[in-house]
Amino acid sequence: IGAEINDLFKRKGQYQIYVGAGVAAAISSGFGAPLAGLIFAREVILRHQSLASFAPILVSSVISYFFTKSFFGVEPLFSGKIGEIESIHHFPFFIISGILCGAISIIYMRGLTHPNYFPNISKINPIIQPAIAGLICGLIALYLPEVIGLGTGTIKNLVTGNYNLNFVITLLIFKLMLTVICLRMGLIGGVFAPALFLGACVGVIMGIIFQTISPTLNISLLTVASMSAFASCVIGGPVANMMIILELTSDYQATLAAGI
């Protein structure tokens, strides 16, 4: 949208700033996170921190947030306090989860982009490919509806600990598989929301395992931190992802864990 708006005017502005303003507005309205939108656009899109880009991107992000809040209402994704790291001995658990998120995100991104990680579908009519992907999604949704769509409700349930280990592993496998199939076969979608979903699954899985070693480990906090870790690996911008966690949870302790 930012690029198209730039093309509407005879006197062109800086293309990257318009694109960054559009991205910031999307993050701001989609997640109710105007500061994260600003930081994400400058950290990931522009890759620099010039003063010339600060004001237009900030204005775009803030206006998008208030517009969305006025019409639809914007509340933090997670209500209530997530918790805090209870002991310094829990730090290695967060580090290991971050490493595992990085490893799985490599598989995720290779599946989306690398030709050797997906079957050759060039002989299938491009018009039929999205229909096949939709059929696969529909069949799986009959038995596992949690993996369809943005998965906001499922992420909330993952953070609050409403699922057992085997079910979460199933969610991780099928969400990763369906996201790759849909995007590779032409269905329109993003990679960020699935990354949050997959990160939450990794956090719950590792939390349940680690809790056998340390029963006082806060699984909800590890889940939120893993969401940030996975998203950082997929789209870059670790600082922006920390800010997204801060604005989603309104909890500084969760943001600190996400930074680890």
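Heads up: numbering here begins at 1 and tracks the sequence.
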Exercise. According to a 4.5 Å side-chain heavy-atom criterion applied to Ile, Leu, Val, Met, Phe, Trp and Tyr, with indirect links allowed, do Val59 and Phe67 form part of one hydrophobic cluster?
Worked result: no

Seminar exercise, completed: Shortest non-hydrogen pair, Ala21 vs Ile57, comes out as N-CG1, 3.9 Å

Exercise. Does atom CG of Leu142 have more than 12 heavy-atom neighbours, drawn from other residues, nucleotides or ligands, at distances under 6.0 Å?
Worked result: yes

For this session: Could you pull out all residues at least two apart from His114 that satisfy ring-ring contact (aromatic ring centres under 6.0 Å, His included)?
Result: Tyr117

Exercise. Excluding sequence neighbours, so at least two apart, what forms side chain to side chain donor-acceptor pair (under 3.5 Å) with Thr113?
Worked result: none

For this session: Return the set of residues passing side-chain contact (heavy atoms from CB on, under 4.5 Å) with Ile181 (not counting sequence neighbours), or none when no residue passes.
Result: Phe118, Ala133, Ile136, Met177, Met185

Seminar exercise, completed: Smallest heavy-atom separation, Glu146 atom then Leu171 atom, equals CB-CD2, 3.7 Å

Problem set entry | Separation of Leu144 CG from Leu139 CG (nearest 0.5 Å) | 12.5 Å

Exercise. Counting only N and O atoms by type, is there a donor-acceptor contact under 3.5 Å from the side chain of Ser64 to the main-chain atoms of Ser60?
Worked result: no

Exercise answer: donor-acceptor pairs, residues 124-131 side-chain atoms, under 3.5 Å, sequence neighbours excluded:
unit_1 : atom_1 : unit_2 : atom_2 : d
Asn125 : OD1    : Ile127 : N      : 2.9
Gln129 : NE2    : Ile121 : O      : 3.1
Gln129 : NE2    : Ile124 : O      : 3.1

Exercise. If you measure from CG on Leu178 to CG on Leu187, what distance do you get to the nearest 0.5 Å?
Worked result: 10.5 Å

Show me, pair by pair, the donor-acceptor contacts under 3.5 angstrom made by side chains of residues 192-208, not counting sequence neighbours?
none

Seminar exercise, completed: Here the ring pair (Phe, Tyr, Trp, His ring centres under 6.0 Å) pairs for residues 119-168, sequence neighbours left out, are Tyr163-Phe167

Exercise. Which atom names give the shortest non-hydrogen contact between Arg184 and Arg110, and what distance separates them?
Worked result: NH1-O, 4.1 Å

Exercise. Between Thr160 and Asn157, is there a donor-acceptor pair closer than 3.5 Å when you use the side chain of the first and the backbone of the second?
Worked result: yes

For this session: Sequence neighbours left out, what passes ring-ring contact (aromatic ring centres under 6.0 Å, His included) with Phe66? Give chain and number order.
Result: none

Seminar exercise, completed: When rounded to the nearest 0.5 Å, the distance separating CG of Leu176 from CG of Leu112 is 8.0 Å

Problem set entry | Main-chain N/O of Val191 paired with Tyr108 side-chain donor or acceptor, under 3.5 Å | yes

Quiz: residues 223-239 side-chain donor-acceptor pairs under 3.5 angstrom, not counting sequence neighbours:
unit_1 : atom_1 : unit_2 : atom_2 : d
Thr223 : OG1    : Ile219 : O      : 2.8
Ser226 : OG     : Leu222 : O      : 2.8
Ser232 : OG     : Ser228 : O      : 2.8
Ser232 : OG     : Asn241 : ND2    : 3.3

Exercise. Partners of Ser87 by side-chain contact (heavy atoms from CB on, under 4.5 Å), sequence neighbours excluded?
Worked result: His89, His90

Problem set entry | Leu172 and Val168, any side-chain heavy atoms less than 4.5 Å apart | no

Problem set entry | side-chain contact (heavy atoms from CB on, under 4.5 Å) partners of Leu58, counting only residues at least two apart | Leu38, Phe54, Val62

